[in-house]
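Okay, structure first, notes after.
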Amino acid sequence: RKEVEQDPGPFNVPEGATVAFNCTYSNSASQSFFWYRQDCRKEPKLLMSVYSSGNEDGRFTAQLNRASQYISLLIRDSKLSDSATYLCVVNRGNTGGFKTIFGAGTRLFVKA
Amino acid sequence: EAGVAQSPRYKIIEKRQSVAFWCNPISGHATLYWYQQILGQGPKLLIQFQNNGVVDDSQLPKDRFSAERLKGVDSTLKIQPAKLEDSAVYLCASSLRDGTDTQYFGPGTRLTVL
């Protein structure tokens, strides 16, 4: 079993729809969590950090559930420009520092 | 502010040849990462440096891959000899302090091994 798992999708949604992605992690010692966005043939870029209390940035809302060991990303009022792969990222303590583990990503296509 | 620089952007080699990639992180960033991203998969961490010391290289195939970060700034990743399964995008990233910080990625080097 992978340490960080995501539904690969693809999710095909119309403009204006609300879409949600989940990501599960297996190591309970995981400490920090992020969502990154990766456009086709481009490098990943930070979308948002995920805080224990949940956090919102415009149309994007991230939640963390430590008890069930998952994080989620909600996108409201989807735009064509939201089409991308969304990568779940988990950091946990490791000898000498922190280890970063990326999920395989969830692909989103927003259609007109 | 200048981003993470990588070169070359593209490289095509035959199996059993050697190849090297270069990365220049954002100025002042202590931590540097090399990732391998195979098509359709998420980035896989190969090696993580904090300044010029190795924090994690548990997923680096050490029989053929090597990396160094001299003087805690630039880094090179080498593959010798290359195999077909090494075809991937090699991404370099840097962060200000440690693995809990935002990582900033370079554009990557797309390697094709024939």
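Protein chains get the first letters and strands the later ones, always in sequence-line order, with residue 1 at the start of each.
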Quiz item: Looking only at side chains, do Thr100(A) and Gln48(B) share a donor and an acceptor under 3.5 Å apart?
Solution: no
Bottom line for Phe33(A): the part with an atom under 4.5 Å from chain B's heavy atoms is neither
By residue number, those in residues 107-114 of chain B with heavy atoms under 4.5 Å from heavy atoms of chain A are Pro107(B), Arg110(B)
Counting only heavy atoms not in Leu39(B) (residues, nucleotides, ligands), do more than 12 fall under 6.0 Å from its CG?
no
field: More than 12 heavy atoms from other groups under 6.0 Å of NZ on Lys62(B)
entry: yes
When every non-hydrogen atom of Ser58(B) is compared with those of Lys99(A), the smallest separation belongs to OG-NZ, 3.1 Å
Cut-off 4.5 Å, heavy atoms of chain A, and the answer for Gln37(B) is side chain
Self-check item: More than 12 heavy atoms from other groups under 6.0 Å of CD on Glu14(B)
Solution: no
Exceeds 12 heavy-atom contacts within 6.0 angstrom, atom CD of Gln59(B)
yes
Is a donor on one side and an acceptor on the other found under 3.5 Å between the side chain of Tyr35(B) and the backbone of Phe102(A)?
no
Subject >> Single-linkage hydrophobic cluster, 4.5 Å side-chain cutoff, Leu32(B) and Leu60(B) together >> reply: yes
query: Any chain of hydrophobic side-chain contacts (each under 4.5 Å) joining Val90(A) to Leu45(B)?
result: no
Q.
Hydrophobic clustering (ILVMFWY, side-chain heavy atoms < 4.5 Å, transitive) - are Ile47(B) and Ile101(A) grouped together?
A. no
Exercise for the section: Find out if a path of hydrophobic residues (ILVMFWY) with successive side-chain heavy-atom gaps under 4.5 Å connects Ile71(A) to Phe60(A). Expected result: yes
One should read off an interatomic distance between Leu91(B) CG and Lys42(A) NZ, to the nearest 0.5 angstrom, of 12.5 Å
Honestly, the part of Gln31(A) sitting under 4.5 Å from a heavy atom of chain B is neither
With a 4.5 Å cut-off on side-chain heavy-atom distances among I, L, V, M, F, W and Y, is there a chain of contacts connecting Ile13(B) to Tyr90(B)?
yes
Honestly, the part of Gln41(B) sitting under 4.5 Å from a heavy atom of chain A is backbone
Margin query: Please check if the number of heavy atoms outside Arg64(B) that lie under 6.0 Å from its CZ is greater than 12.
Written below: yes
When the 4.5 angstrom heavy-atom criterion is applied to Arg107(A) and chain B, the contacting part is neither
For Leu87(A) and Gly42(B), the nearest pair of non-hydrogen atoms, with its separation, is CD2-CA, 4.3 Å
